[in-house]
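Below is one structure, written out as C-alpha cells; comments come after it.
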Number of protein chains: 2
Amino acid sequence: VRGLPEVAKGDDLAELIARVTELADGDVVVVTQKVVSKAEDRLVDLDPEVGHKPLVEAESVRVLRRRGDLVISETAHGFVCANAGVDLSNVAEGTAALLPVAPDRSARRIRDALRHHVGVEVAVVVSDTFGRPWRRGVTDVAIGCSGLKPIIDLRGTSDALGRELQVTEVAVVDELAAAAELVMGKAKGVPVAVVRGVDPSWFGEGGVVDDVVRDPSEDLFR
Amino acid sequence: VRGLPEVAKGDDLAELIARVTELADGDVVVVTQKVVSKAEDRLVDLDPEVGHKPLVEAESVRVLRRRGDLVISETAHGFVCANAGVDLSNVAEGTAALLPVAPDRSARRIRDALRHHVGVEVAVVVSDTFGRPWRRGVTDVAIGCSGLKPIIDLRGTSDALGRELQVTEVAVVDELAAAAELVMGKAKGVPVAVVRGVDPSWFGEGGVVDDVVRDPSEDLFR
C-alpha cells in the first residue's frame with residue numbers, strides 16, 4: 001500500500017489506509033508496529049545523556065541475555081526480542097517508539113474502523129521485526145492480530161498419503177507478517193501491505209498474545 | 001504449483017516442475033525439503049522395534065534440549081530444530097525422511113537444471129518447517145538456496161526519515177519460505193510454489209548454511 005502520509009499521534013490509521021487503497025472482504029491488512037505506535041502515541045523523548053537504555057529496562061520484565069549493548073528480554077506481553085521492542089528507526093531524532101500496550105487490541109480497533117469506514121470485513125495483523133536465535137538476519141512476525149486464527153491447528157488431519165500429521169500447528173499469522181515484509185521493506189515508507197486470497201477458513205477469533213506467545217511453563221528456552 | 005506427481009528417488013525435480021508450470025526469469029521457486037529428500041533418496045526404512053529415535057541421534061551433532069519424546073538439536077549443517085529434521089509425514093509408513101546432505105547444493109542443482117530445461121534464470125529455495133522458541137506454532141524457513149542473497153544487508157542505508165537503520169540484515173530467504181508455505185499448506189500435496197516479482201537486487205550468490213546459520217561463537221542461545 002503506497003501513498004500513506006506520515007502517521008502522527010491520534011491519527012485514524014484505518015481512515016488513512018482506506019483513503020489510499022481499495023480493500024475487499026477477506027483481505028488481510030498487515031500494519032507495521034511503527035505506525036501503530038505513532039498513532040497510539042507510544043513515542044517517547046530520549047534524554048540525550050542516557051539514551052534509550054533505561055527504556056529497554058523499563059519495558060523488560062525479564063532479561064534473557066546481554067552482550068555489549070544488546071539486550072534480549074521478555075516484554076510485558078511475553079514477546080522475547082531485542083531491546084524489548086524499543087526502536088529508534090523511522091522515528092524523529094531524539095525519540096524512541098515503544099511497542100503498543102495491547103497490540104491485539106490495536107489490530108481489532110483498526111479492523112473495526114475499516115468495517116465502519118469502508119464496510120469491508122478484513123483481518124488485521126500488526127507486525128514487527130524480530131531476530132531469531134541460531135539464525136542470522138531478522139524477519140517480520142506478528143505482535144497482534146484480529147479477525148484471524150493466528151495458529152491453524154491441523155492435529156488429527158492427515159497428510160497427502162493419509163498418515164496423521166506430526167507437525168500440526170502452523171503459525172500462519174507470522175507467515176503473513178513475513179510475506180508482507182517482502183513488499184514493505186524497512187526504509188521505503190511502506191508500512192501497510194494487503195495479502196489477498198488467504199484460505200477463508202483462517203478467519204476467526206484469536207490474538208497473538210494469547211495464542212502465539214508460548215507459556216513459559218512449556219517453553220524450553222526460557 | 002499444482003499437478004506435481006509423487007516424487008521418487010532419482011527423479012529430476014526440475015523437469016517435473018517445468019512440466020507443470022510456466023516459469024519466468026526472476027521467479028523464486030520454493031521447493032519443500034520433503035520432495036528434495038525423496039528425489040535425493042534420503043528416505044530410510046525404520047526398524048519398527050526402535051522407531052525413528054536412533055536416526056534423530058545420528059543426525060544430531062549436539063542436543064540442546066530434551067523433553068519427553070521431543071529433541072531439539074543441532075544438525076551437521078548447523079540447523080537447530082526438532083528431531084534433527086527427521087520427518088515421518090508425507091512419506092510411506094515405516095519410512096523417515098532425512099534432511100538433504102547439502103541443501104544449498106540441492107537448490108543449485110534444481111536451479112541449474114531449470115536453466116537447462118527451460119532456459120529461465122530463477123532462484124531456488126529449499127524450505128522446511130521449524131518450530132521456534134518462545135512462540136507457538138511452526139513456520140517454514142529456508143534450509144538451502146541458490147541464486148539469491150539470503151540476507152539483504154541494509155547497514156549504512158537510511159530509514160524513511162534519513163536516520164541510519166539499526167536493524168539492518170533482513171533474512172528474505174526465510175520470508176520467502178514463509179510466504180510460500182501460505183499457499184502450499186502441509187497436507188495438500190503442493191510441494192512447490194513460485195514467488196514472482198521479488199526485488200531484482202536480491203538475486204546473487206549465497207547459501208543458507210554459510211550465510212544464515214549463526215556461528216555458535218556469536219549465538220547467545222547455544
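So you know, we letter chains A, B, ... as the sequences are listed, proteins then strands, and number each from 1.
Only the side chain of A:L70 comes within contact range of chain B, judged by heavy atoms closer than 4.5 Å. Of the atoms belonging to B:V173, not a single heavy atom falls under 4.5 Å from chain A. Contact of B:L64 with chain A is made through the side chain alone, with heavy-atom distances under 4.5 Å. Neither the backbone nor the side chain of B:E74 comes within contact range of chain A, judged by heavy atoms closer than 4.5 Å. In this structure, chain B has no heavy atom under 4.5 Å from any part of A:V198. In this structure, chain A has heavy atoms under 4.5 Å from both the backbone and the side chain of B:L220. Residue contact with chain A, scored on non-hydrogen atoms closer than 4.5 Å, involves the backbone and the side chain of B:R135 alike.
Residues A:E205 and A:K149 are not paired through a salt bridge, judged by the lack of any N-O separation under 4.0 Å between the basic side chain and the carboxylate. A:D11 and A:K38 are not joined by a salt bridge, as no carboxylate oxygen comes within less than 4.0 angstrom of a charged side-chain nitrogen.
Ring centers of B:W134 and A:F130: at least 6.0 Å apart, outside the cut-off.
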request  = Given salt bridge (Lys or Arg N to Asp or Glu O under 4.0 Å), test B:K34 with B:D87 step by step and report yes or no.
outcome  = CA-CA 8 Å; B:K34 191 62 48 66; B:D87 192 346; 3.0 Å; yes

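Atom CD of A:E22 is surrounded by 12 or fewer heavy atoms from other residues, nucleotides or ligands within 6.0 Å. The environment of CG in B:D215 is crowded: more than 12 heavy-atom neighbours from other residues, nucleotides or ligands sit within 6.0 Å.
Defined by atom type and a distance below 3.5 Å, a donor-acceptor pair is missing between the side-chain atoms of B:E181 and B:T139.
By number of non-hydrogen pairs under 4.5 angstrom with chain A, the leading residue of B:V172, B:V141, B:V212 is B:V212. The candidate with the highest count of non-hydrogen atom pairs below 4.5 Å against chain B, out of A:A180, A:A177, A:P216, A:G137, is A:G137.
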